[in-house]
Amino acid sequence: MTQPVDFGEFDYVIAGGGTAGCVLANRLSADPDVTVLLLEAGGKDDWIWIHIPIGYLKCINNPRTDWCYKTEAEPGLNGRSIIYARGKVLGGCSSINGMLYLRGQVRDYDEWARITGDSRWNWDSVLPIFKQSEDYWGGADAMHGDQGEWRVEKQRLHWDILDRYTEAAQQAGIPFKSDYNHGDNFGIGHFEVNQKKGVRWNASKAMLRPVLHRPNLKVVTGALIDKLIFDGKEARGVEFSLGGLPHKVRARIETLLTAGAIGSPAILQRSGIGPAALLQNRGVPLLHDLPGVGGNLQDHLQLRMIFKVHGIKTLNQRANSLWGKAMMGLEYALFRSGPLSMAPSQLGGFFHSSPEVATPDLEFHVQPLSLEKFGDPLHSFPAFTASVCNLRPSSRGVVHIRDRNPATAPVIAPNYLSTDNDRQVAARALRLTHNIVAQPAMAPYRPEEHQPGAQKQTDEDLARAAGDIGTTIFHPTCTCAMGRADDPNAVVDSELRVRGIGRLRVIDASIMPTITSGNTNAPTVMIAERGAELIRAARRTAP
């Protein structure tokens, strides 16, 4: 067996160069007295389609930038397996995602504080952390910051069909909302995005590139993490492959797992930390029985309803015309605006699925386009898509390794629509969409339901339809959830330290105890900022 190449020793080894890893590399290397190594399995974020916003269509399900995972066949999706994109490039999912900047709701973080018993995770405590990273287009105020690296801007395009949908939602009793990041996001309005002058603003560009000159920071791409190195039950570094050869690197102070809600639990499991029965079945020597590793998977399932329209333009017409394509390219080249600058969704809304729900539990993403499934060409007929997702699903899934090989894709089973509550919410969500589309503002355009089909009316019909049209909106979380010491399923404590293991933290979206009520990239930046604070504080107080 080939002996691992010794890569040396660093104070901090960060395993994963996605959103959280880029933030940590920046913040920890700001101290010139420590050395930091950032390892990323993917390549550099130097492909043009990463930076042109519409390029997410080329980046997702592309092995150059995506792990190209798939779920298991899902009973709740009527036996379908769906793609499960995860960024495999510097910047991680911030290099291929929808760029939407959404923090979530006050109740999300107050619930985290209750679950962990630590008030440092409540809304009032995390709001300043969001603000310190933010570079907000409208300037600083009580809710926003403008001195950070994480640029937030308005989108640079306009569609009449989205204006009409906004009017229809207001006619259905939903108020207009100009800013979704005040902690109460009930309403209909336009999403703000992580872009800078019409170009994607990913975590690598924001956090990593400005500090690459630091002599105490080393970044290595193409480094596939195999497992952690231990001295007893203290983490001492990682083993990884680079250029086809095994390597090992030691961490003097701490090893930090930032491989995301799929990667981090898989690395822990390959290292012998996880459910004992699973590890025994996979032939992995058990180091520490931690049942929650890879469990509690929570994700947002979007239900994509498509409506044909008449007498109003959508992207379908422009994208299916050579002249339209040429004009879109010219507009972006000259002004960095138009359809090539668009996020997957421009218009959004946060609504209640029923009067009994205290805060919005549904999120809409409304798009001036339609297609059968991701990767297909746009339809030839004019249409729009109104996707709606349950923000707080009660279904729970798992992420499990299949074997000890780090190159083998793990088992990903989100278990969508596996509870009566989730199926009921799905039926209500589809009905709410029908109600909005039936309002007078939409009547001149004679909307016709193309997907899933207007003949589906009963709760049972609608729940099955949800299984037919549902797909992930790419928000996996909670697979290394933080919690109290007496919670047997908690993987990390409120300082993000892995329970029962020394010198090891997980710092990414996997540590969420419950999923946030919105898109998850901005909360991941906040988690990494808080993690960096905790690490620096620990170093200051260490003997």
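Excluded from the calculations below are hydrogen atoms, water molecules and symmetry mates; all remaining heavy atoms, backbone and side chain alike, are included.
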Okay, side chain of D508, backbone of G260: is any donor-acceptor separation there less than 3.5 Å? yes
For the atom pair CZ (R107) and CZ (R114), what is the distance rounded to the nearest 0.5 Å? 9.5 Å
Could you pull out the closest heavy-atom pair between G274 and L279, with the gap in Å? N-CD1, 3.8 Å
Would you say the side chain of E254 lies within less than 4.5 Å of the side chain of R505, judging by non-hydrogen atoms? yes
So, do W49 and L57 sit near enough that their side-chain heavy atoms are less than 4.5 Å apart? no
Carboxylate-amine/guanidinium proximity below 4.0 Å for D376 and K373: yes
Taking the side chain as every heavy atom from C-beta outward, state whether R304 and Q302 have any atom pair closer than 4.5 Å. yes
CD1/I60 to CZ/R86 distance, rounded to the nearest 0.5 angstrom? 9.0 Å
Taking R484 first and then D493, would you say they form a salt bridge - that is, a charged N and a carboxylate O separated by under 4.0 Å? no
What about the rings of Y101 and Y180, do their centers lie closer together than 6.0 Å? no
Apply side-chain contact (heavy atoms from CB on, under 4.5 Å) to V525 and I129, showing your working. CA-CA 9 Å; V525 173; I129 301 177; over 6 Å; no
Report yes if the side chains of H288 and I501 come closer than 4.5 Å at any heavy-atom pair, otherwise no. yes
Specify the closest pair of heavy atoms between C59 and T65, including all atoms of both residues, with the distance to one decimal. O-OG1, 2.7 Å
Can you tell if the side chain of Q269 reaches within under 4.5 Å of the side chain of R282, non-hydrogen atoms only? no
Between the side chain of S94 and the main-chain N/O of T19, is any donor-acceptor distance below 3.5 Å? no
Smallest separation among heavy atoms of W201 and E149, with atom names: NE1-O, 2.7 Å
side-chain hydrogen bond (donor to acceptor under 3.5 Å, both in side chains) between Q298 and T477: does it pass, once the steps are laid out? CA-CA 5 Å; Q298 298 173 41; T477 59; 5.2 Å; no
Nearest non-hydrogen partners of P414 and L297, listed with the distance: CA-CD2, 3.8 Å
Can you tell me if N181 uses its side chain to pair, donor with acceptor, with the backbone of R103 under 3.5 Å? yes
Supply the atom-to-atom distance C22 SG to N202 CG, rounded to the nearest 0.5 angstrom. 7.5 Å
Go through the steps for I225 and L39 under the test side-chain contact (heavy atoms from CB on, under 4.5 Å), then give the verdict. CA-CA 8 Å; I225 306 298; L39 299 173; 3.6 Å; yes
Does a side-chain N-to-carboxylate-O contact under 4.0 Å join D118 and R120? yes
R250 (side chain) donor-acceptor with V13 (main chain) under 3.5 angstrom: no
Judged by atom type as modelled, is there a donor-acceptor pair below 3.5 Å linking the side chain of T479 to the main-chain atoms of G295? no
State whether the number of non-hydrogen atoms from other residues, nucleotides or ligands found under 6.0 Å of E372 atom CD is greater than 12. yes
Look at the side chain of S95 and the backbone N and O of V89, then say whether any donor-acceptor pair between them is shorter than 3.5 Å. no
Test: R80 and E74 ion pair at under 4.0 Å: no
Q367 vs H365, side-chain hydrogen bond (donor to acceptor under 3.5 Å, both in side chains): CA-CA, chis, key distance, verdict: CA-CA 7 Å; Q367 304 155 332; H365 293 76; over 6 Å; no
To check you understand the geometry: which heavy-atom pair defines the closest contact between S81 and K70, and what is its length? OG-CB, 3.8 Å
State whether the side chain of E40 and the backbone N or O of A223 hold a donor-acceptor pair below 3.5 Å, judged by distance alone. no
Working for side-chain hydrogen bond (donor to acceptor under 3.5 Å, both in side chains), residues D361 and S353: CA-CA 6 Å; D361 62 336; S353 65; 2.6 Å; yes
Calculate, to the nearest 0.5 Å, the distance between atoms OG1 and CD belonging to T116 and E495 respectively. 10.5 Å
Please work out which of the three classes, parallel, tilted or perpendicular, describes the rings of F374 and Y56, given edges at 30° and 60°. tilted
Residues D231, R503: salt bridge by 4.0 Å N-O rule: no
Quick check on side-chain hydrogen bond (donor to acceptor under 3.5 Å, both in side chains): which of T520, T472, N415 does D299 satisfy it with? T472
Return the CG to SG distance between N62 and C68, rounded to the nearest 0.5 Å. 6.5 Å
Step by step, would you call H300 with F474 a ring-ring contact (aromatic ring centres under 6.0 Å, His included)? CA-CA 7 Å; H300 291 144; F474 307 121; over 10 Å; no
Residues at least two apart in sequence or cross-chain that pass side chain to side chain donor-acceptor pair (under 3.5 Å) with D11, listed by chain then number, are T35, R252
Okay, side chain of D108, backbone of T516: is any donor-acceptor separation there less than 3.5 Å? no
Using the side chain to side chain donor-acceptor pair (under 3.5 Å) rule, collect all pairs that involve residues 398-407, keeping only residues at least two apart or in two chains. E72-R402, D403-T408
Are R536 and E533 close enough for a salt bridge, meaning some N to O gap below 4.0 Å? no
At what distance, to the nearest 0.5 angstrom, does CG of L303 lie from CD of Q451? 10.0 Å
Should I14 and V36 count as side-chain neighbours, where that means a heavy-atom distance under 4.5 Å? yes
Do the side chain of K205 and the main chain of R200 share a donor and acceptor less than 3.5 angstrom apart? yes
Would D422 and Y416 count as a side-chain contact (heavy atoms from CB on, under 4.5 Å) if you check the C-alpha gap in whole Å, the side-chain angles of each, and the deciding distance to 0.1 Å? CA-CA 8 Å; D422 284 359; Y416 297 121; over 6 Å; no
Between E234 and R236, does any NZ, NE, NH1 or NH2 come within less than 4.0 Å of an OD or OE carboxylate oxygen? yes
Does K233 have more than 12 heavy atoms from other residues, nucleotides or ligands lying within 6.0 Å of its NZ? yes
Taking all non-hydrogen atoms of both residues, which atom of T255 and which atom of G237 are closest, and how far apart? OG1-N, 3.3 Å
Are the side chains of N489 and N296 in contact, using a 4.5 Å heavy-atom criterion? no
When N421, D420, T419 are each screened for side-chain hydrogen bond (donor to acceptor under 3.5 Å, both in side chains) with R423, the one that passes is D420
Would you sort out whether R464 and N78 count as a side-chain hydrogen bond (donor to acceptor under 3.5 Å, both in side chains), showing the intermediate values? CA-CA 8 Å; R464 181 165 184 81; N78 303 326; 3.3 Å; yes
Determine the interplanar angle of the Y109 and W123 rings, folded into 0 to 90°, and report it as parallel if under 30°, tilted if 30 to 60°, perpendicular if over 60°. tilted
Ignoring hydrogens and geometry, is there a side-chain-to-backbone donor-acceptor pair from R270 to D226 under 3.5 Å? yes
Ignoring hydrogens and geometry beyond distance, is a side-chain donor-acceptor pair present between R392 and T514 at under 3.5 Å? no
Are the side chains of K248 and F240 in touch, meaning some heavy atoms are under 4.5 Å apart? no
